[in-house]
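These numbers were taken from a predicted model, which means no experiment stands behind them.
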Amino acid sequence: MIGAIAAFTAMAIAGRTVGTALDTFEIMLFRSLTGILIVLVVGWACGTLRQINTQQLGMHSARNLFHFIGQNLWFLALTLIPLAQVFALEFTTPIWVILLSSILLQERLTAPRLMVAGVGFVGILIVARPDMNNLNLGVVAAAGCAIFFALTAIYTRKLTQTQSTTCILFYLTVMQAIFGLISAGYDGDIAIPSGPIIPLVVLIGFAGLTAHFCLTKALSIAPASTVMPIDFARLPTIAIVGMLVYDEPIDTVVFVGAGLIFVANYINLRLR
């Protein structure tokens, strides 16, 4: 989990810096190209490339479209609002999983789960403090990315029943590279990373895969009720980084809202 926290933090810092030179589609394109290389090399070294198949292309496509949209919104939010606010709103993903699973997976939505979702939404409102007359694009992007990450999680859960990790990660990187190429190149102009931007783009690719690998490995070693509370250490970590690197003030209200979101997520884990 320390590895996951470090990787997510590194990706956020690199993403904000690269966002001044590349748009979100271009970031996703070059991140995915880096990811393809990593997956192929690691898959070859581990002898798992033969696990790649075409049995669930439709579900892979839907999963990766949701992830592509969510990740683009996340990178956009990084450039518009404080890092701590982005991470706090991202942590609402499990709340959306509760609600969307009842629709997409036909999972029973119990009264305790509805109460958990209600507590989480109160936390969202505290963190976002929306002004309905003048909505902040960064807040909308961060809140939206949580919804699409929830859809990604649901479809990942479906895929893991029949597909290997190597197969899922292969289509993750390849399909998002295609989505990124189409989105970044529709106007015939794709900015190519140069100079100090190149290592940061590579870092984003490595950090993204490393973060998800570490999180998955942690969940394979310890129960979710132990692992996920540790993940919330990302919030104070990124708040301190934002203060030291970007002179962002530490907003107590964000921590209050994030605390409610944490409580809602933890109670949900205990209900399982």
Side-chain angles (χ1 to χ4, degrees), residues 1 4-5 8-9 12 66-67 69-70 73-74 77-78 80-133 135-157 211 215 218-219 222-240 242 248-272:
M1 285 308 299
I5 291 167
F8 277 126
T9 302
F66 292 139
H67 191 272
I69 295 171
L73 291 173
W74 190 77
L78 287 178
L80 298 174
I81 59 176
L83 296 176
Q85 199 170 18
V86 175
F87 276 51
L89 290 170
E90 182 194 349
F91 283 135
T92 62
T93 294
I95 307 299
W96 288 107
V97 170
I98 295 173
L99 299 176
L100 294 171
S101 292
S102 65
I103 301 171
L104 299 175
L105 301 179
Q106 285 76 53
E107 293 185 357
R108 191 164 62 92
L109 190 60
T110 61
R113 288 267 169 92
L114 278 173
M115 291 178 62
V116 163
V119 172
F121 279 117
V122 171
I124 294 173
L125 293 175
I126 292 175
V127 171
R129 285 162 282 175
D131 179 356
M132 301 311 295
N133 295 320
L135 288 177
N136 184 315
L137 178 59
V139 170
V140 173
C145 83
I147 298 174
F148 283 99
F149 285 159
L151 288 167
T152 302
I154 290 170
Y155 275 77
T156 301
R157 187 188 306 176
L215 184 58
L219 288 168
S225 58
T226 300
V227 171
M228 296 316 293
I230 301 174
D231 190 38
F232 273 80
R234 275 199 282 148
L235 183 58
T237 301
I238 202 64
I240 293 171
E248 295 176 353
I250 292 183
D251 192 340
T252 305
V253 176
V254 170
F255 280 87
V256 172
L260 285 177
I261 295 169
F262 167 79
V263 168
N265 285 330
Y266 189 74
I267 293 174
N268 179 51
L269 289 169
R270 302 298 296 180
L271 289 173
R272 293 182 179 181

Nearest heavy-atom pair of [X] and [Y]: which atoms, and what distance?
X	Y	answer
V127	V254	CG2-O, 3.7 Å
C145	G70	CB-O, 3.2 Å
A146	T92	CB-OG1, 3.2 Å
A239	A84	CB-CB, 4.0 Å
L260	G123	CB-CA, 4.0 Å
A233	I5	CB-CD1, 3.8 Å

Tell me, please, which residues at least two apart from F8 pass ring pair (Phe, Tyr, Trp, His ring centres under 6.0 Å).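 Partners of F8 by the ring pair (Phe, Tyr, Trp, His ring centres under 6.0 Å) criterion, ordered by chain and then number, come out as H212.
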Report yes if some heavy atom in the side chain of [X] is under 4.5 Å from a heavy atom in the side chain of [Y]; otherwise report no.
X	Y	result
F91	R234	yes
L83	E248	yes
F121	L125	no
R157	V97	yes

What's the separation between atom [atom1] in [X] and atom [atom2] in [Y], rounded to the nearest 0.5 Å?
X	Y	atom1	atom2	answer
I147	L100	CD1	CG	7.5 Å
T152	F66	OG1	CZ	7.5 Å
L73	E90	CG	CD	11.5 Å
F87	L78	CZ	CG	7.0 Å
L151	I154	CG	CD1	5.5 Å
I81	N136	CD1	CG	6.5 Å

Please confirm whether H67 and F149 have ring centers closer than 6.0 angstrom.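 Under 6.0 Å, so yes.
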Restricting to side-chain hydrogen bond (donor to acceptor under 3.5 Å, both in side chains), what partner residues turn up for T9, sequence neighbours left out? none
Stepwise side chain to side chain contact (heavy atoms under 4.5 Å, CB included) check, F255 with I250: CA-CA 9 Å; F255 280 87; I250 292 183; 3.6 Å; yes
